[in-house]
Novice: 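Sharing a structure, written as C-alpha cells. Questions coming.
Every number for a ligand or one of its atoms is a count from 1 in the order of the listing. From a predicted model like this one, the values you see are computed outputs, not experimental measurements.
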Amino acid sequence: MKDKYWLMGPIYDALSYLFAGNSLLKCKCSMLTSDHLKSGDKVLFAGVGHGKEAILAAEQGADVTVVDLSEAMLTKFKVGVEKSEKNLNIRIIHRDIMTFEEFSHYDMVVANFFLNSFDEAFMTSVFSHLIKQGKAGAHIVVGDFAFPEGNIIARATKQFYWYSAIILFWMTTGASVHPVYNHVAQMKKMGLTFIDKKHTTLLGMNTYTSYLGKKA
Ligand SMILES: C[S@@+](CC[C@H](N)C(=O)[O-])C[C@H]1O[C@@H](n2cnc3c(N)ncnc32)[C@H](O)[C@@H]1O
C-alpha cells in the first residue's frame with residue numbers, strides 16, 4: 001500500500017514548526033508530567049509521526065511502544081531516537097493501528113493529532129480500539145486543535161486555522177475534512193472519565209488542546 005505520508009513524512013515537523021512554532025510540541029507533551037506518567041509505565045503512542053514527545057516519555061523512564069502506518073514518518077522518528085543520548089526503551093511498530101492488538105496492556109495511550117485525520121465514524125472505531133489497549137484505570141490522552149469556543153472572532157479564527165490545516169492534509173495525505181471534534185463529549189460517550197484539558201496558546205489564543213481521560 002502506498003505511504004500516504006510520503007510527501008509530508010520528511011517535512012512534517014519542520015512544517016509544524018513553521019505553522020505553530022513550539023506550541024504543537026508543547027501541547028503534545030502537556031500530559032506527560034509526573035502526575036500522570038511514572039517511570040516504568042507502559043505507554044502506547046498511536047500514529048506517532050516524528051514523535052518527539054514519545055522520545056521524551058522514554059527519556060522519563062517510560063516503556064514506550066509507537067505504532068505508525070507511514071514508513072516516511074517512522075524514518076524521521078528513528079532519526080530522533082538515534083539523536084537521544086540516553087538508552088531508551090522504545091519499540092517501533094510499522095503497522096495499521098487497527099491490526100495492533102495488545103489489549104489491557106498500557107498504563108497510558110496517546111493519540112496526538114491522530115484521531116483528527118479520520119471521518120467521525122472511523123475516528124470513533126479507532127478511538128474505541130485505542131481505549132481497549134489500556135489497562136483498567138489507564139490514562140487516555142488526545143491532542144488536537146482547540147474546539148472553537150469563545151467570542152465570535154475567537155471561534156472564526158480557530159475555524160479558519162483548523163480548516164487551513166486539514167485542507168492541506170486532505171490534499172497531501174487524503175485526511176478527512178470535518179469540523180473540529182469535541183473530545184470531551186467523545187471521551188464521555190466512550191465511557192471514559194474526563195479528567196482534564198490543557199490549552200496551548202499561539203499569539204495569545206488557545207490554539208491546541210490536550211485532553212486527558214481515564215478508563216474505568
Ligand atoms: C497528522 S499525523 C500526526 C503525527 C503525530 N502524532 C503528531 O502529533 O505530530 C497522523 C499520523 O498517523 C499515522 N496514521 C494514519 N493512519 C494510521 C493508521 N491506520 N495506523 C497507524 N498510523 C496511522 C500517519 O502515518 C501519521 O504519522
Novice: Taking the ring of His50 and the ring of Phe77, is the distance between their centroids below 6.0 Å?
Specialist: no

Novice: Please list the nearest protein heavy atom to atom 27 (O) of ligand 1 with its residue and the distance rounded to 0.1 Å.
Specialist: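 The closest heavy atom on the protein side is Asp68 OD2, 2.6 Å.
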
Novice: Please indicate whether any nitrogen or oxygen in Ile97 is less than 3.5 Å from any nitrogen or oxygen in ligand 1.
Specialist: yes

Novice: So among Tyr161, Phe169, Tyr12, which one has a ring-ring contact (aromatic ring centres under 6.0 Å, His included) with Phe19?
Specialist: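 It is Tyr161; the other options fail the test.
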
Novice: Any nitrogen or oxygen of Asn112 lying under 3.5 Å from a nitrogen or oxygen in ligand 1? Just yes or no.
Specialist: yes

Novice: Mark the output for Lys4 as yes if a heavy-atom distance to ligand 1 is under 4.0 Å, and as no if none is.
Specialist: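 Per 4.0 Å heavy-atom rule, Lys4 does not contact ligand 1.
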
Novice: Under 6.0 Å between ring centres: does that hold for Trp162 and His178?
Specialist: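 Aromatic pair counts; centres sit under 6.0 Å.
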
Novice: In the protein, what heavy atom is nearest to atom 11 (C) of ligand 1, and what distance, to one decimal place, separates them?
Specialist: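 Ranked first by proximity to atom 11 (C) of ligand 1 is Gly47 O, 3.6 Å.
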
Novice: Counting only heavy atoms closer than 4.0 Å, does ligand 1 sit against the backbone of Tyr12, its side chain, both, or neither?
Specialist: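 The part of Tyr12 near ligand 1 is the side chain, not the backbone.
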
Novice: Does the plane of the ring in Tyr208 sit parallel, tilted or perpendicular to the ring in Phe113? Use 30° and 60° as the thresholds.
Specialist: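 Perpendicular, since the angle between the ring planes exceeds 60°.
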
Novice: Is Phe118 close enough to touch ligand 1? Criterion: a residue heavy atom under 4.0 Å from a ligand atom.
Specialist: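 The answer is yes, since Phe118 has a heavy atom less than 4.0 Å from ligand 1.
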
Novice: Quick one: which ligand 1 atoms are inside 4.0 Å of a heavy atom on Arg95?
Specialist: 20 (N), 21 (C)

Novice: I need the single residue from Lys135, Lys132, Lys42, Arg91 that forms a salt bridge (Lys or Arg N to Asp or Glu O under 4.0 Å) with Glu102. Which is it?
Specialist: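 That would be Arg91.
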
Novice: Go through the steps for Thr172 and Tyr5 under the test side chain to side chain donor-acceptor pair (under 3.5 Å), then give the verdict.
Specialist: CA-CA 8 Å; Thr172 55; Tyr5 278 73; over 6 Å; no

Novice: Taking the side chain as C-beta and beyond, is there a heavy-atom pair between Met98 and Val126 under 4.5 Å?
Specialist: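 When only atoms from C-beta onward are counted, Val126 and Met98 do touch, with a gap below 4.5 Å.
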
Novice: What protein heavy atom sits nearest atom 22 (N) of ligand 1, and how far off is it?
Specialist: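 Result: Leu69 N, 3.2 Å.
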
Novice: Looking only at heavy atoms, is any part of Val126 under 4.0 Å from ligand 1, and if so is it the side chain, the backbone, or both, or is it neither?
Specialist: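 Under 4.0 Å from ligand 1, Val126 contributes no heavy atoms.
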
Novice: What protein heavy atom lies closest to atom 9 (O) of ligand 1? Include the residue and the distance to one decimal.
Specialist: Lys28 NZ, 2.7 Å

Novice: Is there a nitrogen or oxygen of Asp96 sitting under 3.5 Å from a nitrogen or oxygen of ligand 1?
Specialist: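 It does: an N or O of Asp96 is found under 3.5 Å from an N or O of ligand 1.
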
Novice: Strictly under 6.0 Å, is that where the ring centroids of Phe103 and His129 end up?
Specialist: yes

Novice: Measuring from non-hydrogen atoms of Met98 to any atom of ligand 1, is the shortest distance under 4.0 Å?
Specialist: no

Novice: Considering only protein heavy atoms, which is closest to atom 17 (C) of ligand 1, and at what distance to one decimal place?
Specialist: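 So the nearest neighbour among protein heavy atoms is Phe114 CE1, 3.6 Å.
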
Novice: Check this for me: Glu71, atom CD, are more than 12 non-hydrogen atoms of other residues, nucleotides or ligands nearer than 6.0 Å?
Specialist: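 Counting neighbours around CD of Glu71, 12 or fewer heavy atoms of other residues, nucleotides or ligands fall under 6.0 Å, so no.
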
Novice: Quick check on side-chain contact (heavy atoms from CB on, under 4.5 Å): which of Asp107, Asp63, Leu37 does Val43 satisfy it with?
Specialist: Leu37

Novice: Against heavy atoms of Ser70, which atoms of ligand 1 measure under 4.0 Å?
Specialist: 25 (O)

Novice: For atom 1 (C) of ligand 1, state which one of Phe100, Phe113, Phe77 supplies the nearest heavy atom.
Specialist: Phe113

Novice: Taking the side chain as every heavy atom from C-beta outward, state whether Leu32 and Met108 have any pair of such atoms under 4.5 Å apart.
Specialist: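 SC-SC contact between Leu32 and Met108 confirmed.
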
Novice: Nearest to atom 10 (C) of ligand 1, what protein heavy atom do you find, and at what distance?
Specialist: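 Its nearest protein heavy-atom neighbour is Tyr5 OH, 3.5 Å.
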
